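Ligands are counted one by one from 1 in listed order, and the atoms in each one are counted from 1 as well. Remember, it's a predicted structure, so these values are computed and weren't measured experimentally.
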Amino acid sequence: MHLISCRYRGAERVGVVTGDCAGLISARDGWPRTMLALIDAGPELWSALASNPDRAIDERVPLSAVELCAPIPRPRKNIMCLGWNYADHVRESAGARAAEIPEHPVVFTKNTTSVNGPYGDIPWDPDLTTQLDWEVELAVIVGIGGRRIPVADALRHVFGYTVINDISARDLQFRHKQYFLGKSLDGTCPMGPVIVTADEIPDPQALELRTWVNGEIKQSSSTHYQVFGVARVLSILSLGMPLEPGDIISTGTPGGVGFVRNPPEFLRQGDLVECEVQGIGRLRNRVR
Ligand code: ZN
């Protein structure tokens, strides 16, 4: 299934996308009214919905008639993010920051308030940062929680996948040593446009991902080149804390980001940044 959160006629709805059509899930009869409620409901409801969506859908509208929101507009926890998780990104950054492929994953988080819609404007305050940068990433949505999840079992815990642009204020990121502030500015976590459920992506390590700025390609790689694949990441994260339904894990960005270019490139007023992961879709966000 391709699932969306959206606004339609003033109400927030969850929908199932088929082609150019959004089937909006009924707000009655006990059907989940938010994506988090849908994820919390568990595998039985997911299967019921996948096998017979008509039972849950009470309205079909053109996709163009709804306003897409981030699939999880307000996560319960910070978005967990991997740093230096593609070998080419480590190499290109060697002069600037980290030189070695990490032996253990680098993990930081983005504030829940940074979440933006798939087509929302990215607010830019040049007094606060002059170094807004792009990072296309495959993000994992946890469906079934757990602790000490074995690698071999880990993909069973995934609800689905989405796209995140981990927009980063490099000046703040490096000035404050820890990444949190530079990664958490308002609107700097565009997410979506859909969650593709895990059954449709049996191998998360075979997805192409790309970024364009004003139509010019900046990043082009494949999740095949991740240092720590999705299953290992879930396993390692769950060693000492629970993963819970609705948790979001963004799995790092490949080479081609702006701050290591020569000369460095950063986003400016009016720029259109687009991030795409194969089989999921494309984010389109303008800097304002
Ligand atoms: Zn990132």
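- Judged by distance alone, the side chain of Asp271 and the main-chain N or O of Arg268 form a donor-acceptor pair under 3.5 Å.
- If you check the side chains of Asp171 and Thr129, you find a donor sitting under 3.5 Å from an acceptor.
- For the Zn ion (ligand 1), the nearest N, O or S atom contributed by Glu137 is named OE2.
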- Between Trp84 and Val227, is a side chain to side chain contact (heavy atoms under 4.5 Å, CB included) present by the stated rule, with each step listed? CA-CA 8 Å; Trp84 315 115; Val227 179; over 6 Å; no

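- The Zn ion (ligand 1) sits nearest to atom OD2 when only the N, O or S atoms of Asp166 are considered.
- In terms of distance to the Zn ion (ligand 1), the nearest N, O or S atom of Glu135 is named OE1.
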- Evaluate the criterion side chain to side chain contact (heavy atoms under 4.5 Å, CB included) for residue pair Arg74 and Thr112; output intermediate values, then yes/no. CA-CA 6 Å; Arg74 187 63 188 253; Thr112 57; 3.3 Å; yes

